[in-house]
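Indexing begins at 1, ligand by ligand and atom by atom, following the structure's order. Counting begins at 1 with the first residue of the sequence. The shown structure was predicted, so the numbers you read here are calculated from the model rather than taken from an experiment. Only this structure's heavy atoms are used, side chains among them; waters, hydrogens and symmetry mates stay out.
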Amino acid sequence: MKTSDIFILAIESSCDDTSAAVLKNNTVLSNIVASQKIHEQFGGVVPELASRAHQQHIVVVVDKALQDAGISKQELSAIAFTQGPGLVGSLIVGASFAKAMAMALNIPLIAVNHMEGHVLAHLINDGSPIPNFPFLCLTISGGHTQIVHVESPRKMTVIGSTIDDAAGEAFDKTAKILGLPYPGGPLIDRHAKLGNPKAFQFSKPKIAGLDFSFSGLKTSILYTLQKAEKEDPDFIEKNLNDICASVQSTISEILFEKLVVAARDMGIQEISIAGGVSANSFIRSELERIGSLHGWKTYIPQFQYCTDNAAMIGISAYYQYLNQEFADQTASPRARMPVGSR
Ligand code: KG4
Ligand code: ZN
């Protein structure tokens, strides 16, 4: 261990995953995620249950992260936590834990923006290529859909975002209509592999500029299925794979149409995707296909760094540590926290 090495324990608890990670500089030593199964039966995250589950998981998850990293608490340089955006009750659990631990160890506290974390997951030193600045990141998650212009780890601007539902919500709400449990994205991905993406046509939004909309797609899917079920009550069951493939390819088209315009307008060919929906196998392969048509260099995070995880909070915190950007004990969770806000 060099004395100049920075060891950060990062905690993520913005939604329904309790996660802790330990980083040595920009390298991940451990990344533990405890997902909450309890929400499956409700078709979405129940905030009250999520914060209780965080409370139950957090000590175990942090202990395991330190153990797997082979690091003692006394070796830590700082404690980082997700300040927002997210569910306040969930954020409070991680924030309070981080504050108490930083105070007890008398080391700095670092407050991280969750959406910036998704973007900066690309800077984790895991052997995969790291984007060159400036790059564009299409961040697609359960709560957000954004095109981010990234000039440096601490300078990024949202140049397009959804005006209603997020891409992940489009997956999850479709899954709910189809009778699949929450979160539906991974299940749609699985069924779509066996289906025909051209089997059904759904309407696509006409939104100016770089913004997105997904609420019309949900309505279009609902009407199409209601009409078909009147004629055949088993329509969904019989056509599940084709429906999933068609919905998935429509969501992908909506996303990439705007990403192509953004890349052209900004004159940038370093293009990345991030967030839970970037775990989608079709969207991952589409990025490569479309990227090769446009001469892009494309970047996709490892699966474990797509969906919510504390390693991405740790890498963001590492850059904040280098800038000595520390939080004080009054830092409170922020349900809304725009990318780039300081
Ligand atoms: O980033 P994330 O883990 O949490 C938020 O910050 O929201 O993203 C969760 C979202 C959910 O909507 C989930 O259905 C979606 O990511 N997701 C997927 C896949 N894996 C996760 N959507 C499509 N295909 C997947 N394979
Ligand atoms: Zn997320």
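Residue-ligand proximity, Pro183 to ligand 1, at heavy-atom distances under 4.0 Å covers atoms 14 (O). Ligand-side atoms of ligand 1 in range of Thr307: 3 (O), 21 (C), range being under 4.0 angstrom from any heavy atom. Near Gly168, meaning under 4.0 Å from any of its heavy atoms, are these atoms of ligand 1: 12 (O). Atoms of ligand 1 lying under 4.0 Å from at least one heavy atom of His118, given by number and element, are 1 (O), 6 (O). Numbered from 1 in the order shown, with element, the atoms of ligand 1 that lie under 4.0 Å from a heavy atom of Gly143 read 7 (O). Per-residue contacts place Ala279 under 4.0 angstrom from the following atoms of ligand 1 (heavy atoms of the residue considered): 20 (N), 26 (N).
No hydrogens or angles considered: a donor-acceptor pair under 3.5 Å links the side chains of Thr18 and His54. With hydrogens and angles left out, the side-chain atoms of Glu288 and Thr298 include no donor and acceptor closer than 3.5 Å. Looking at Ser215 and Asp164, their side chains do bring a donor and an acceptor atom within 3.5 Å of each other.
When non-hydrogen atoms are compared, ligand 1 lies under 4.0 Å from neither the backbone nor the side chain of His144. With a 4.0 Å heavy-atom cut-off, ligand 1 is reached by no atom of Gln248. The parts of Asn280 lying near ligand 1 are both backbone and side chain, judged by heavy-atom distances below 4.0 Å. Under 4.0 Å from ligand 1, the heavy atoms of Asp172 that appear belong solely to its side chain.
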(message) Let's go through Phe200 and Phe235 carefully: what are the C-alpha distance in whole Å and the side-chain angles of both, what is the deciding distance for ring-ring contact (aromatic ring centres under 6.0 Å, His included) to 0.1 Å, and is it a yes or a no?
(response) CA-CA 13 Å; Phe200 302 102; Phe235 180 82; 5.7 Å; yes
(request) Apply side chain to side chain donor-acceptor pair (under 3.5 Å) to the pair Ser14 and His114, showing each step before the final yes or no. (result) CA-CA 8 Å; Ser14 65; His114 178 89; 3.3 Å; yes
(request) Start with the C-alpha gap between Thr27 and Asn125, add the side-chain angles, then the distance that decides, and say whether side chain to side chain donor-acceptor pair (under 3.5 Å) holds. (result) CA-CA 5 Å; Thr27 305; Asn125 173 22; 3.3 Å; yes
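Using a 4.5 Å heavy-atom cutoff, the side chains of Lys73 and Leu105 are in contact. Looking at Tyr305 and Val28, their side chains come closer than 4.5 Å, going by heavy atoms from C-beta outward. Here the side chains of Asp16 and Ser90 are not in contact, with every heavy-atom distance at 4.5 Å or above. Here the side chains of Tyr182 and Val45 are in contact, with some heavy-atom distance below 4.5 Å.
Looking from atom 2 (P) of ligand 1 to the surrounding protein, the closest heavy atom is Asp308 OD1, 3.2 Å. Ranking protein heavy atoms by distance to atom 17 (N) of ligand 1, first place goes to Gly276 O, 3.5 Å.
Within Asp308, OD1 is the N, O or S atom that lies nearest to the Zn ion (ligand 2). Closest N/O/S atom of His118 to the Zn ion (ligand 2): NE2.
By the 3.5 Å distance cut-off applied to N or O atoms, Asp189 is counted among the residues near ligand 1. At a 3.5 angstrom cut-off on N or O pairs, Glu169 does not count as close to ligand 1. Residue Gly142 places at least one N or O, backbone or side chain, under 3.5 Å from an N or O of ligand 1. An N or O contact shorter than 3.5 Å is missing between Gly184 and ligand 1 by distance. Residue Gly275 places no N or O, backbone or side chain, under 3.5 Å from any N or O of ligand 1.
Checking His144 against the Zn ion (ligand 2), every N/O/S atom stays at or beyond the 2.8 Å cut-off. For the Zn ion (ligand 2), the N/O/S atoms of Cys15 include none lying under 2.8 Å.
Atom CG of Asp265 is separated from atom CD1 of Ile159 by 8.0 Å, given to the nearest 0.5 angstrom.
The closest approach between Arg190 and ligand 1 stays at or above 4.0 Å for every heavy atom of the residue.
A side chain to side chain donor-acceptor pair (under 3.5 Å) with Arg52 is found for exactly one of Gln56, Glu48, Gln55, namely Glu48.
Val93 and Leu87 end up in different hydrophobic clusters when Ile, Leu, Val, Met, Phe, Trp and Tyr side chains are linked at under 4.5 Å.
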